[in-house]
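All remarks here apply to the structure that follows.
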Amino acid sequence: MATSGGHVFATVGTTKFDLFIRTLTNDDVLRELAHRGYTSLTVQYGNGSFEPWSGFREGIKVECYRFKDSILKDIKDADLVISHAGAGTCLEALEHHKKLIVVVNESLMDNHQTELAEKLFEDSHVFYCSPASLCRLLQTMDLSHLRPFPPGQTLTIAKFLDETCDLKPKCRPL
């Protein structure tokens, strides 16, 4: 259970991930967050066409916005971060010692989100799911099993991404 008055921050970065935002703001998920002791949810919904509502429902105060210059304050203020599987967002949350749930967008081709989420899960730094399994994960997860992200591991994750995603710079002859 979260501490009384816990806060959740959810983000999709600059992407469009309407299924995640719709799922996150449905009554079942909000009820489960409230059951775990969370009382507020801030949703950053990016370029999606679905605009979630702000207000109070199922015991949760919900605030939504499309973009801000920086989401760092939102990450720092959160007790739990629920994020798309963008490497930058995941690393930023982990570097600030936040409990993190990564929601993988299975509809994207060749984005390697699942590989990143699996690696971070394998190292016990995150839980991950698809939008369809988010509510079930919230019902069954034990956040005490997550290990803090070690300082200085950003380069290890960057190397993993380079190898997995073949992101090594390509040189062209002059």
Side-chain angles (χ1 to χ4, degrees), residues 6-34 36 38 40-55 57-58 60-96 98-122 125-141 143 146 149 154 157-158 160-161 164-167:
H7 178 67
V8 178
F9 174 59
T11 179
V12 299
T14 59
T15 65
K16 177 181 178 179
F17 196 177
D18 287 346
L19 182 56
F20 168 38
I21 299 302
R22 283 183 190 278
T23 302
L24 177 71
T25 57
N26 79 34
D27 287 349
D28 292 336
V29 170
L30 293 175
R31 237 184 328 270
E32 190 55 40
L33 289 172
R36 287 189 159 264
Y38 297 103
S40 60
L41 167 66
T42 299
V43 179
Q44 183 272 317
Y45 59 94
N47 280 317
S49 55
F50 174 71
E51 293 188 30
W53 49 265
S54 292
R57 199 164 84 210
E58 299 298 331
I60 301 283
K61 179 183 177 194
V62 180
E63 295 179 340
C64 303
Y65 64 89
R66 190 174 291 278
F67 295 109
K68 281 185 182 176
D69 289 338
S70 172
I71 62 170
L72 184 57
K73 182 178 182 331
D74 291 312
I75 289 172
K76 288 180 176 180
D77 290 346
D79 298 295
L80 173 66
V81 175
I82 305 175
S83 175
H84 74 122
T89 305
C90 291
L91 291 175
E92 195 165 21
L94 290 170
E95 287 174 346
H96 286 90
K98 297 303 172 177
K99 303 293 185 186
L100 178 61
I101 296 173
V102 176
V103 181
V104 176
N105 187 346
E106 299 168 317
S107 68
L108 297 178
M109 301 279 287
D110 296 325
N111 68 355
H112 305 285
Q113 288 191 356
T114 301
E115 290 93 341
L116 173 62
E118 285 175 349
K119 174 65 176 161
L120 292 171
F121 174 75
E122 177 183 300
H125 300 305
V126 306
F127 287 108
Y128 78 99
C129 62
S130 66
S133 60
L134 176 60
C135 192
R136 183 73 182 134
L137 176 64
L138 289 170
Q139 293 167 346
T140 61
M141 70 181 182
L143 292 174
L146 293 180
F149 191 69
T154 304
I157 296 298
F160 168 79
L161 286 172
T164 303
C165 304
D166 192 27
L167 296 176

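Worth knowing before you read on, the calculation uses all heavy atoms, side chains too, and leaves out hydrogens, waters and symmetry mates.
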If you round to the nearest 0.5 Å, how far is [atom2] of [Y] from [atom1] of [X]?
X: I21; Y: N26; atom1: CD1; atom2: CG; answer: 11.5 Å
X: R136; Y: E32; atom1: CZ; atom2: CD; answer: 9.5 Å
X: Y65; Y: T42; atom1: OH; atom2: OG1; answer: 7.0 Å
X: L120; Y: E115; atom1: CG; atom2: CD; answer: 12.0 Å
X: E122; Y: Y128; atom1: CD; atom2: OH; answer: 9.5 Å
X: F9; Y: I82; atom1: CZ; atom2: CD1; answer: 11.0 Å

For [X] and [Y], which heavy atoms make the closest approach, and how far apart are they?
X: V102; Y: A117; result: CG1-CB, 4.0 Å
X: A10; Y: L41; result: CB-CD1, 4.2 Å
X: S83; Y: T89; result: OG-CG2, 3.1 Å
X: T25; Y: P52; result: CG2-CB, 4.0 Å
X: G13; Y: F67; result: O-CE2, 3.7 Å
X: I75; Y: K98; result: O-CE, 3.1 Å

inquiry  = With side-chain contact (heavy atoms from CB on, under 4.5 Å) as the criterion, how do L30 and V62 come out once you've worked through the C-alpha distance, each side chain's angles and the decisive distance to 0.1 Å?
reply    = CA-CA 9 Å; L30 293 175; V62 180; 4.2 Å; yes
Salt bridge (charged side-chain N to carboxylate O under 4.0 Å, His left out): pairs with one or both residues in residues 64-74, sequence neighbours excluded =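 Pairs touching residues 64-74 that pass the test: E51-R66, K68-D74, K73-D77.
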[X] versus [Y]: any side-chain heavy-atom pair under 4.5 Å?
X: S40; Y: E63; answer: no
X: L134; Y: I101; answer: yes
X: V126; Y: C90; answer: no
X: F50; Y: L19; answer: no
X: M141; Y: K99; answer: no
X: L72; Y: E92; answer: yes
X: V103; Y: L24; answer: no
X: N105; Y: H84; answer: no

Intermediate values then yes/no, side-chain contact (heavy atoms from CB on, under 4.5 Å), L100 and F149 = CA-CA 11 Å; L100 178 61; F149 191 69; over 6 Å; no
Stepwise side-chain contact (heavy atoms from CB on, under 4.5 Å) check, V104 with S130 = CA-CA 5 Å; V104 176; S130 66; 5.7 Å; no
query = F127 vs F121 aromatic rings, parallel, tilted or perpendicular, using cut-offs 30° and 60°?
reply =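 Answer is tilted, since the angle falls between 30° and 60°.
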Evaluation steps, side-chain contact (heavy atoms from CB on, under 4.5 Å), between Y38 and D79 = CA-CA 9 Å; Y38 297 103; D79 298 295; 4.2 Å; yes
